[in-house]
Peer 1: 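Dropping the structure in here first, questions after.
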Amino acid sequence: MSEEYLNREVDLKRLYLRFLNRIWLLVMLMAVGAVVGGVAYQLARAMRMPVAYQAVSKLYISFGVDESGEIYQYYNGYTWNDLLDTDPILDRIMEYAPADASREAVSEATRAEILSDIRLLTITVEGSTEKFVREVQAAVENGLTDYAQASEELKRIEVIRADDPRRIYWDDRTVTACVSGAVFFGVISCLIMAFAYVLDEAVYVQGDVEKKYPYTALGIMPRKQKGLQPYARELKANISYTLGQARRFAVIDMDNHCDVRQVDLERLLNAGKDEFIGGDGEAGGLTWTLPGRDLRKEKKEWQVVPFNSGSLSEEACGQIRELGGVILLLPFGEDVGRKTRRVLGLLKNQDCKVLGMVVTLADEEFLNRYYG
């Protein structure tokens, strides 16, 4: 391969059309990614989520009155959090706390908040066991009640609601995990497709042949022919011009269906104008037919001598030299680059002239979109 081919620019339209043919694969992989993401999240949620319990108590505060008759109401959420850690309150809480609980454990497990009304205090207790949470919750309630009775700023604190400890779970983010998995798999799939495109040595259109090999791209043989399509007319014109007066030439099929390709080419070259009717390929061929005529019983002006890429020998190379040259048939969308370079090396060493190359079994829908 030439340096120019290795440094070729990306054919965006060809990339788009190839991606379009694989859109179903991308959708399937994204669906797999969504399932994997959801299952992985549920497993992590069930197996790796730490066990924790939480209990919430609501306490009502009645404030005392100062010398001027004003009510003490300067307590707020931050003040209560600080107060719970001070010795006067914590000492009273520890009187009711379980014997095996340390002051640090009780302090870390307890959080005090005033959410709106300064008279309504919310106490939240969290811990690793239900028993510990229940005991610390009761200790905090009793300790604050005792503290209020001994404080001049507070008249009393009473518990108006005490919830039972409940298990804490992570928020259910299964949908987010599924979307993340689908996006991740989609991005990875696109990168893999782009990488595969860069490494792809298959030929799809004549431009691929011209960029990759120093030989003439004679044309394209679509898999299906509906009447005498432009691709068939162009191929016949290019072969006729290249061979001049000669009417016999050799072909090497890199897809190893040389007998079928021989029939296709001879039908194309020997047919008159507008004599084709359509056919869907059978056994790898185009099955072009001529209405009311049997081409095998007629005298052929053009004769094609076929060879498979895997059956070349000294005798075959001698026949190619006698015929004046050979046309290589490259299958559409198949990576036969290494095999083609090996065959070209053999032909060069045997002084066999390469007349040009033809892309065979091309997808007509792909071609129409690409050239359209």
Peer 1: Within the 4.5 Å heavy-atom criterion, are Trp302 and Leu268 side-chain neighbours or not?
Peer 2: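 No, their side chains stay 4.5 Å or more apart.
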
Peer 1: Strictly by modelled atom types, are Gln303 and Arg247 linked by a side-chain donor-acceptor pair under 3.5 Å?
Peer 2: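 Gln303 vs Arg247: no donor-acceptor pair found between side chains.
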
Peer 1: Same cluster for Val32 and Leu25 if Ile/Leu/Val/Met/Phe/Trp/Tyr side chains link at under 4.5 Å?
Peer 2: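 Val32 does not cluster with Leu25.
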
Peer 1: Please examine the side chains of Gln54 and Arg166, heavy atoms only from C-beta on, and report whether any two atoms are closer than 4.5 Å.
Peer 2: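 Heavy-atom side-chain distance check passes, below 4.5 Å.
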
Peer 1: Are any non-hydrogen side-chain atoms of Met94 and Asp91 less than 4.5 angstrom apart?
Peer 2: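 A side-chain contact is absent here, since even the closest heavy-atom pair is not under 4.5 Å.
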
Peer 1: Could you tell me whether the side chain of Arg119 reaches within less than 4.5 Å of the side chain of Tyr60, counting heavy atoms only?
Peer 2: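 When only atoms from C-beta onward are counted, Arg119 and Tyr60 do touch, with a gap below 4.5 Å.
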
Peer 1: Considering residues, nucleotides and ligands other than Arg103, do more than 12 of their heavy atoms fall under 6.0 Å from its CZ?
Peer 2: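 Atom CZ in Arg103 is packed in, count exceeds 12.
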
Peer 1: Look only at the side chain of Asp363 and the backbone of Glu365, and say whether a donor-acceptor pair between them is shorter than 3.5 Å.
Peer 2: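 Yes, because the side chain of Asp363 sits within donor-acceptor range (under 3.5 Å) of the backbone of Glu365.
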
Peer 1: Backbone N or O of Val205 within a donor-acceptor pair of the Asp208 side chain at under 3.5 Å?
Peer 2: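 Yes, because the side chain of Asp208 sits within donor-acceptor range (under 3.5 Å) of the backbone of Val205.
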
Peer 1: Do Ile114 and Leu83 belong to the same hydrophobic cluster, where Ile, Leu, Val, Met, Phe, Trp and Tyr are linked whenever their side-chain heavy atoms lie under 4.5 Å apart, directly or via other members?
Peer 2: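 Same cluster.
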
Peer 1: Run Met357 and Leu218 through side chain to side chain contact (heavy atoms under 4.5 Å, CB included) and show every step you take.
Peer 2: CA-CA 6 Å; Met357 295 182 170; Leu218 296 175; over 6 Å; no

Peer 1: Find out whether Val133 and Thr129 are in side-chain contact, i.e. whether some heavy atom of one side chain is under 4.5 Å from a heavy atom of the other.
Peer 2: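 The answer is no; the side chains never approach within 4.5 Å.
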
Peer 1: I'd like to know if the side chain of Ser107 reaches the main chain of Glu104, judged simply by a donor and an acceptor atom lying under 3.5 Å from each other, with no hydrogens or angles considered.
Peer 2: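 Between the backbone of Glu104 and the side chain of Ser107 there is no qualifying donor-acceptor contact (under 3.5 Å).
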
Peer 1: Would you please classify the geometry between the Tyr231 ring and the Tyr371 ring as parallel, tilted or perpendicular, with 30° and 60° separating the classes?
Peer 2: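 Ring orientation, 0 to 90° scale: tilted.
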
Peer 1: Does one hydrophobic cluster hold both Tyr241 and Ile239, with members joined at side-chain heavy-atom distances below 4.5 Å?
Peer 2: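 No: no chain of side-chain contacts under 4.5 Å links Tyr241 to Ile239.
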
Peer 1: Ring pair (Phe, Tyr, Trp, His ring centres under 6.0 Å) with Phe307: which residues, sequence neighbours excluded?
Peer 2: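 Once residues adjacent in sequence are excluded, Phe307 has no partner under the ring pair (Phe, Tyr, Trp, His ring centres under 6.0 Å) criterion.
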
Peer 1: What is the distance from atom CG of Leu312 to atom CG of Leu346, rounded to the nearest 0.5 Å?
Peer 2: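 Leu312 CG to Leu346 CG: 6.0 Å, rounded to 0.5 Å.
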
Peer 1: Is the number of heavy atoms from other residues, nucleotides or ligands within 6.0 Å of NZ (Lys353) greater than 12?
Peer 2: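 Not more than 12 within 6.0 Å, no.
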
Peer 1: Please determine, by modelled atom types, if Gln350 and Arg321 share a side-chain donor-acceptor pair under 3.5 angstrom.
Peer 2: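 Yes, side-chain donor-acceptor contact under 3.5 Å.
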
Peer 1: I'd like to check Val304 versus Phe249 (side-chain heavy atoms, cut-off strictly below 4.5 Å). Are they in contact?
Peer 2: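 Touching, per the 4.5 Å side-chain cut-off.
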
Peer 1: To the nearest 0.5 Å, how far apart are CE in Met28 and CD1 in Ile23?
Peer 2: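 Output value for this atom pair is 12.0 Å.
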
Peer 1: Give the minimum heavy-atom separation between Trp80 and Ala112, together with the two atoms involved.
Peer 2: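 Closest pair (atom of Trp80, atom of Ala112, distance): CB-CB, 3.9 Å.
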
Peer 1: Report the C-alpha separation of Leu344 and Lys348 in whole Å, then their side-chain angles, then the decisive distance to 0.1 Å, and conclude whether the side chain to side chain contact (heavy atoms under 4.5 Å, CB included) test is met.
Peer 2: CA-CA 6 Å; Leu344 289 174; Lys348 180 179 179 181; over 6 Å; no

Peer 1: Would you indicate whether the side-chain heavy atoms of Thr340 and Leu328 approach each other to under 4.5 Å?
Peer 2: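 Result yes, sub-4.5 Å side-chain heavy-atom pair found.
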
Peer 1: Is there a side-chain contact between Arg111 and Val56, using heavy atoms and a 4.5 Å cut-off?
Peer 2: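 Not touching, per the 4.5 Å side-chain cut-off.
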
Peer 1: CE of Met254 to CZ of Arg261: how many Å apart, nearest 0.5 Å?
Peer 2: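 It is 13.0 Å, given to the nearest 0.5 Å.
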
Peer 1: From Leu121 CG over to Glu113 CD, what is the distance, rounded to the nearest 0.5 angstrom?
Peer 2: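 It is 9.0 Å, given to the nearest 0.5 Å.
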
Peer 1: Which of parallel (below 30°), tilted (30 to 60°) and perpendicular (above 60°) describes Tyr204 and Phe366?
Peer 2: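 Correct class here is tilted.
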
Peer 1: Of all the heavy-atom pairs spanning Gly38 and Thr174, show the shortest one and how long it is.
Peer 2: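 Result for this residue pair: CA-CG2, 4.4 Å.
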
Peer 1: Can you tell which of Val359, Leu361, Thr360 makes a side-chain contact (heavy atoms from CB on, under 4.5 Å) with Met221?
Peer 2: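 So the option named by the test is Thr360.
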
Peer 1: Asn142 side chain to Tyr96 main-chain N or O, any donor-acceptor pair under 3.5 Å?
Peer 2: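 No.
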
Peer 1: Can you give me the closest heavy-atom contact between Arg338 and Asp335, atom names plus distance?
Peer 2: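 Where Arg338 meets Asp335 most closely, the heavy atoms are NH1-OD2, 3.9 Å.
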
Peer 1: Whether the Thr145 and Glu158 side chains hold a donor-acceptor pair (N or O, under 3.5 Å, no angle test) is what I'd like checked.
Peer 2: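 Their side chains do not contain a donor-acceptor pair, so the 3.5 Å distance test is not met.
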
Peer 1: What's the spacing between Ser313 OG and Gln319 CD if we round to 0.5 Å?
Peer 2: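 Result: 8.0 Å between the selected atoms.
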
Peer 1: Quick one, Ser309 with Asp253, criterion side-chain hydrogen bond (donor to acceptor under 3.5 Å, both in side chains). Give me CA distance, side-chain angles, the key distance, then yes/no.
Peer 2: CA-CA 6 Å; Ser309 60; Asp253 183 21; over 6 Å; no

Peer 1: So, for Pro88 and Tyr147, which heavy atoms are closest and what is the spacing to 0.1 Å?
Peer 2: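 Shortest heavy-atom separation between Pro88 and Tyr147 comes out as CB-CE1, 4.2 Å.
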
Peer 1: Should Ile252 and Leu347 be marked as a side chain to side chain contact (heavy atoms under 4.5 Å, CB included) after you check the CA-CA gap, both sets of side-chain angles, and the distance that decides it?
Peer 2: CA-CA 11 Å; Ile252 297 177; Leu347 296 175; 4.0 Å; yes

Peer 1: Is it true that, when you exclude Lys339 itself, more than 12 heavy atoms of the residues, nucleotides or ligands shown sit nearer than 6.0 Å to its NZ?
Peer 2: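 Atom NZ in Lys339 is packed in, count exceeds 12.
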
Peer 1: Do Asn238 side-chain atoms and Gly219 backbone N/O form a donor-acceptor pair below 3.5 Å?
Peer 2: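 Not confirmed, Asn238 side chain does not pair with Gly219 backbone.
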
Peer 1: Working note: Leu144 + Leu59, criterion side chain to side chain contact (heavy atoms under 4.5 Å, CB included); need CA distance, chi angles, decisive distance, verdict.
Peer 2: CA-CA 9 Å; Leu144 286 174; Leu59 290 78; 3.9 Å; yes

Peer 1: Would one find more than 12 heavy atoms of other residues, nucleotides or ligands at under 6.0 Å from atom CZ of Arg167?
Peer 2: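 Yes, because the 6.0 Å sphere around CZ of Arg167 holds more than 12 heavy atoms from other groups.
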
Peer 1: Are Leu43 and Val35 joined in one hydrophobic group, where the rule is that I, L, V, M, F, W and Y side chains link up if heavy atoms are under 4.5 Å apart?
Peer 2: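 Shared cluster, yes.
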
Peer 1: With a cut-off of 3.5 Å and sequence neighbours excluded, list every side-chain donor-acceptor pair involving residues 180-188.
Peer 2:
| from | atom 1 | to | atom 2 | distance (Å) |
| --- | --- | --- | --- | --- |
| Ser180 | OG | Thr176 | O | 2.8 |

Peer 1: Is Leu29 reachable from Trp24 through a run of hydrophobic residues whose side-chain heavy atoms are each under 4.5 Å from the next?
Peer 2: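 Yes, because Trp24 and Leu29 connect within a single hydrophobic cluster, where side-chain heavy atoms sit under 4.5 Å apart.
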
Peer 1: About how many Å separate CZ of Arg92 and CG of Asp87, when rounded to the nearest 0.5 Å?
Peer 2: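 Separation between the atoms: 12.0 Å.
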
Peer 1: Would you sort out whether Glu234 and Lys236 count as a salt bridge (Lys or Arg N to Asp or Glu O under 4.0 Å), showing the intermediate values?
Peer 2: CA-CA 5 Å; Glu234 292 171 8; Lys236 183 174 182 178; over 6 Å; no

Peer 1: For Asp163 and Ser57, which I'm curious about, is there any donor-acceptor pair between the side chains at under 3.5 Å?
Peer 2: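 The answer is no; no qualifying pair exists.
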
Peer 1: Return the minimal non-hydrogen interatomic distance between Ala97 and Ala139, and the atom names on each side.
Peer 2: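 Ala97 and Ala139 have their closest heavy atoms at N-CB, 3.6 Å.
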
Peer 1: Minimum heavy-atom separation for Leu330 to Val203, with atom names?
Peer 2: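 Nearest pair, atom of Leu330 first, then Val203: CB-CG2, 3.8 Å.
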
